[in-house]
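In what follows, residues are counted from 1 in the order of the sequence shown.
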Amino acid sequence: MNIQAAGPETSNADPLAEDMLALAEYEFGVAQSQCAQCREYHALYTYTRLAGVNKSVITDGDVAANALLKAAPRNARILIAGAADAGLLSLTARATLALDPAITVVDRCPTPLAVCRRFAEQHAFPVTTRVANFVQEAVPGPFDVAFAHNILLFIP
């Protein structure tokens with residue numbers, strides 16, 4: 001799994017690779033205006049991934065991608081439950097794009113949702129985003145696959 005920065009002008013074998021430098025800068029700006037209590041978390045999350053400090057499921061992306069591919073049927077309705085940045089969306093899209101999935105990203109903060117929308121627009125694939133707090137409300141489904149990672153740390 002390649003998570004290094006790659007700009008749209010860069011020749012890259014992975015057409016859905018994140019331009020992490022640009023997304024980090026964008027997320028930092030959005031966090032300043034959109035975040036309530038999580039400003040520093042979202043402002044710095046992608047930078048910590050770039051620095052190799054933040055070890056997440058994306059670090060072992062091949063394992064997660066293989067699991068997603070095995071679990072998702074054709075035209076899968078996939079829920080990404082909690083997204084600190086576009087990393088999980090990138091991983092999910094790369095793993096399942098040939099299946100023509102309908103991907104929905106839900107988070108309690110609008111900042112990572114804005115980053116996910118920007119990533120999807122840059123790579124010309126549809127994504128649905130929704131602000132919701134999983135502790136307080138259910139997300140309307142149904143979904144074939146739910147992909148949750150860091151959100152589990154925030155649910156009592």
Side-chain angles (χ1 to χ4, degrees), residues 1-27 30-31 34 38 41-42 45-46 48-50 54-155:
M1 184 67 47
N2 181 359
I3 62 170
Q4 66 188 11
E9 70 287 344
T10 306
S11 134
N12 191 329
D14 185 354
L16 291 172
E18 296 173 83
D19 180 350
M20 288 179 56
L21 291 172
L23 287 172
E25 181 179 356
Y26 177 74
E27 185 168 20
V30 173
Q34 298 292 315
C38 50
Y41 178 77
H42 287 133
Y45 189 85
T46 306
T48 62
R49 283 184 54 216
L50 275 166
N54 186 347
K55 300 295 182 190
S56 70
V57 69
I58 301 162
T59 305
D60 290 324
D62 291 337
V63 172
N66 287 334
L68 278 168
L69 190 55
K70 287 178 184 176
R74 180 135 187 85
N75 299 310
R77 295 160 299 184
I78 301 173
L79 169 66
I80 297 175
D85 66 358
L88 295 179
L89 177 58
S90 174
L91 186 149
T92 301
R94 285 196 306 255
T96 64
L97 198 58
L99 301 175
D100 195 27
I103 302 172
T104 300
V105 183
V106 178
D107 199 280
R108 66 182 179 176
C109 177
T111 295
L113 301 178
V115 175
C116 286
R117 284 191 302 274
R118 184 178 189 105
F119 176 79
E121 289 168 5
Q122 289 172 335
H123 297 285
F125 71 88
V127 68
T128 301
T129 60
R130 181 164 183 255
V131 174
N133 185 334
F134 288 102
V135 175
Q136 299 172 346
E137 61 188 293
V139 175
F143 294 99
D144 299 302
V145 177
F147 188 8
H149 180 252
N150 285 343
I151 190 171
L152 299 175
L153 300 172
F154 299 104
I155 298 176

Any donor-acceptor pair under 3.5 Å from Arg108 side chain to Gly82 backbone: no

Could you check whether any side-chain heavy atom of Thr92 comes within less than 4.5 Å of a side-chain heavy atom of Ile78, counting everything from C-beta outward? yes

May I ask you to test the Ile103-Phe147 pair for a side-chain heavy-atom distance under 4.5 Å? no

Contacts of Ala132 meeting side-chain contact (heavy atoms from CB on, under 4.5 Å) (sequence neighbours excluded), chain-then-number -> Val106, Arg130, Glu137, Val139

Work out which heavy atom in Thr111 is nearest to a heavy atom in Ala31; give both atom names and the distance. OG1-CA, 3.6 Å

Nearest 0.5 Å please: distance from the CG atom of Leu89 over to the CZ atom of Arg118. 14.0 Å

Spacing of CZ belonging to Phe143 relative to OG1 belonging to Thr104, to within rounding of 0.5 Å: 4.5 Å

For the atom pair CD1 (Ile80) and OG1 (Thr128), what is the distance rounded to the nearest 0.5 Å? 11.0 Å

For Ser90, what residues pass the side-chain contact (heavy atoms from CB on, under 4.5 Å) criterion, not counting sequence neighbours? Glu18, Arg94, Phe119

Can you name the salt bridge (charged side-chain N to carboxylate O under 4.0 Å, His left out) partners of Arg77, sequence neighbours left out? Asp144

Kindly write out the residues that satisfy side-chain contact (heavy atoms from CB on, under 4.5 Å) with Asn75, not counting sequence neighbours, or none if the list is empty. Asp100

How long is the straight-line distance from OG1 of Thr46 back to CG of Asp85, given to the nearest 0.5 Å? 3.5 Å

Flag the pair Thr129 / Asp107 as yes when at least one side-chain heavy-atom distance between them is below 4.5 Å, and no otherwise. no

Between Val105 and Ala83, which heavy-atom pair has the shortest distance, and what is it? CG1-CB, 3.6 Å

I'd like to check Leu68 versus Leu91 (side-chain heavy atoms, cut-off strictly below 4.5 Å). Are they in contact? yes

Taking all non-hydrogen atoms of both residues, which atom of Gln34 and which atom of Pro110 are closest, and how far apart? OE1-CG, 3.7 Å

Any idea which heavy atoms bring Ala86 and Leu23 closest together, and the distance? CB-CD1, 4.1 Å

Report yes if some heavy atom in the side chain of His42 is under 4.5 Å from a heavy atom in the side chain of Val115; otherwise report no. no

Residues that Ala114 engages under side-chain contact (heavy atoms from CB on, under 4.5 Å), provided they are two or more places apart: Tyr26, Val30, Arg117

So, for Pro73 and Ala71, which heavy atoms are closest and what is the spacing to 0.1 Å? CD-O, 3.4 Å

